[in-house]
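What you see below is based on every heavy atom in this structure, not just the backbone, and it leaves out hydrogens, waters and symmetry mates. Chain naming here is simple, since letters A, B, ... match the order of the sequence lines and numbering starts at 1 in each.
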Protein chains: 2
Amino acid sequence: MKTEELLKTDHLIDTKKLVINIMLCAGKATTMMNEALKPYEISMQQFNVLRILRGQKGKPANLSTIQDRMVNKMSNTTRLVDKLIKKNLVDRCICEENRRKVEIVITGEGLNLLKTLDPIVDQLEENFSQHINKKELIQLNETLEKLRN
Amino acid sequence: MKTEELLKTDHLIDTKKLVINIMLCAGKATTMMNEALKPYEISMQQFNVLRILRGQKGKPANLSTIQDRMVNKMSNTTRLVDKLIKKNLVDRCICEENRRKVEIVITGEGLNLLKTLDPIVDQLEENFSQHINKKELIQLNETLEKLRN
DNA sequence: ATTAAATAAATGTTAAAAAAATAAATTTGA
DNA sequence: TCAAATTTATTTTTTTAACATTTATTTAAT
């Protein structure tokens, strides 16, 4: 094999490793998250929707806004919100300015649940990155952000 | 707030960012992968099982081996293998030494499919990391491996 | 004003995944 | 040896996701 080809092969191995590493890390984070949330009978996705709504600071969000901000864009956000409504964690009403749209807000109960979950999730996130130091953490975020482009 | 607390808050923000970045990157890779595999009517998970089996180099693998090596450990590997059998990509028979176990091997057809898919996936993986340079790639892999512990 | 096109969300259907329960074969240990 | 425990895989049930279709509303064009 020519040197050039060797370099190419070598690079390919590293990119393959990268994809696997990313997947494994994401899998680990997801598992940790779901296990932590399980006692509260809430899925990671539901939790994320609640956080998005809290981020609105009282301002209602419509379905497409939520969908845009979700990590795993899935088609049936309607039903995800349905479940949160059933648990009394969010409210929904039709938007009066544009009656096609729907306005979703987090309830007091939803905010309380988040308040309970916050320290648990914070701790979990700290644990997740416990094996790397501050410098590596910052560097890692920078590089990962480049990958997202 | 005391300096110590500020530092803690600051660190927390970075760890939160990390979890989100990992999720988004994994989501991107998954989407790219599934789209590339779609024309071949094979899911990413099925593809990974095939690669695990090829890695066995003829030696049969049993279900728990496959499960251990899978990125997204899911409980119904049986079903996943069923689908591959239906497509004639793998074979399964019960292990004679220990009749609880099952022996799974990739078929010639399965190997051929992988041969077709290999360059497509290679290209995709290269594309995935196109925005970072070699040094960043290597550094990234090293740090991600620490996270997996 | 009326119709067509576009937008936003909901619904129905089908497929896939996760979780839990069950079944079969093997080990262990009295 | 034989019941209890363990391992390995399957089956069943429940949840979740993906895809296509439908409904309601608004915007734009004639």
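Partners of B:T65 by side chain to side chain contact (heavy atoms under 4.5 Å, CB included), not counting sequence neighbours, listed by chain and number: B:A61, B:N62, B:R69. With sequence neighbours left out, the side chain to side chain contact (heavy atoms under 4.5 Å, CB included) criterion links B:S43 to B:Q45, B:Q46. Applying the side-chain hydrogen bond (donor to acceptor under 3.5 Å, both in side chains) test to A:D118 and every residue at least two apart in sequence or in another chain returns A:R54. Under the salt bridge (Lys or Arg N to Asp or Glu O under 4.0 Å) criterion, B:E142 pairs with no residue, sequence neighbours left out. Looking at residues two or more places apart in sequence or on another chain, you find a side chain to side chain contact (heavy atoms under 4.5 Å, CB included) between A:D82 and A:T78, A:R79, A:R92. A:Q139 pairs by the side-chain hydrogen bond (donor to acceptor under 3.5 Å, both in side chains) definition with A:T143, not counting sequence neighbours.
The side chain of A:R92 places an N or O atom within less than 4.0 Å of a non-bridging phosphate oxygen (OP1 or OP2) of C:dA10. OP1 or OP2 of D:dT16 lies within a sub-4.0 Å distance of a side-chain N or O belonging to A:K83. Regarding contacts with the backbone of D:dA17, a side-chain N or O of A:Q45 is found under 4.0 angstrom from either OP1 or OP2.
Annotation: side-chain hydrogen bond (donor to acceptor under 3.5 Å, both in side chains) contacts involving residues 93-105 of chain A, sequence neighbours excluded, comprise A:N98-A:R100. For residues 9-34 of chain A, every residue pair satisfying the salt bridge (charged side-chain N to carboxylate O under 4.0 Å, His left out) rule, not counting sequence neighbours, is listed here: A:D10-B:K134, A:D14-B:K134, A:K16-B:D122, A:K16-B:E125.
Taking the C1' atoms of five terminal pairs at each end of the helix from C:dA1-D:dT30 to C:dA30-D:dT1, the two resulting helix axes are inclined by 10°, rounded to 10°.
A straight line from CD1 of A:I42 to C1' of D:dT15 spans 15 Å, rounded to a whole angstrom. Taking atom CE on B:M44 and atom P on C:dA16, their separation rounds to 15 Å, with Å as the unit. Rounding to whole angstrom units, NZ of residue A:K101 and P of D:dT26 are separated by 11 Å. In this structure, B:L80 atom CG and C:dA18 atom C1' are separated by 13 Å, rounded to whole Å. D:dA17 atom P lies 18 Å from atom CZ of B:R79, rounded to whole Å. The NZ-P distance, from A:K87 to D:dT15, rounds to 11 Å in whole Å. A straight line from CD1 of A:I94 to P of D:dT25 spans 7 Å, rounded to a whole angstrom. Separating the CD atom of B:E41 from the P atom of C:dA15 is a distance of 12 Å, rounded to the nearest angstrom.
Atom CG of B:D91 sits about 10.5 Å away from atom CD1 of B:I106, to the nearest 0.5 Å. Distance check: B:L147 CG to A:N21 CG gives 9.0 Å after rounding to the nearest 0.5 Å. Here A:C95 contributes atom SG and A:L63 contributes atom CG; the two are 12.0 Å apart, rounded to the nearest 0.5 Å. Atoms CG and CD1, on A:L137 and B:I13 in that order, are 11.5 Å from each other to the nearest 0.5 Å.
Along DNA chain D, the nucleotide nearest to A:Q46 and the one nearest to A:C95 differ in position, and the one closer to the 5' end is contacted by A:Q46. DNA chain D is contacted by both B:E103 and A:E96; B:E103 maps to the nucleotide lying nearer its 5′ end (nearest heavy atom per residue). Annotation: of the two residues near DNA chain C, B:S43 and B:E97, the 5′-most nearest-nucleotide partner is B:S43.
Residues B:Q123 and B:N127 have side chains that bring a donor and an acceptor to within less than 3.5 angstrom of each other.
Shown for residues 57-64 of chain B: residues whose heavy atoms fall under 4.0 angstrom of DNA chain D, namely B:N62, B:L63, B:S64. Residues from residues 20-30 of chain B placing a heavy atom under 4.0 Å of any atom in DNA chain C do not occur.
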N/O to N/O distances under 3.5 Å, protein versus nucleotides 19-25 of chain C:
from   : atom 1 : to    : atom 2 : distance (Å)
C:dA19 : N7     : B:S75 : OG     : 2.7

Could you walk me through whether B:T15 and A:F128 satisfy the side-chain contact (heavy atoms from CB on, under 4.5 Å) test, starting with their C-alpha distance in whole Å, then the side-chain angles of each, then the deciding distance to 0.1 Å, before giving a yes or no? CA-CA 8 Å; B:T15 60; A:F128 179 69; over 6 Å; no
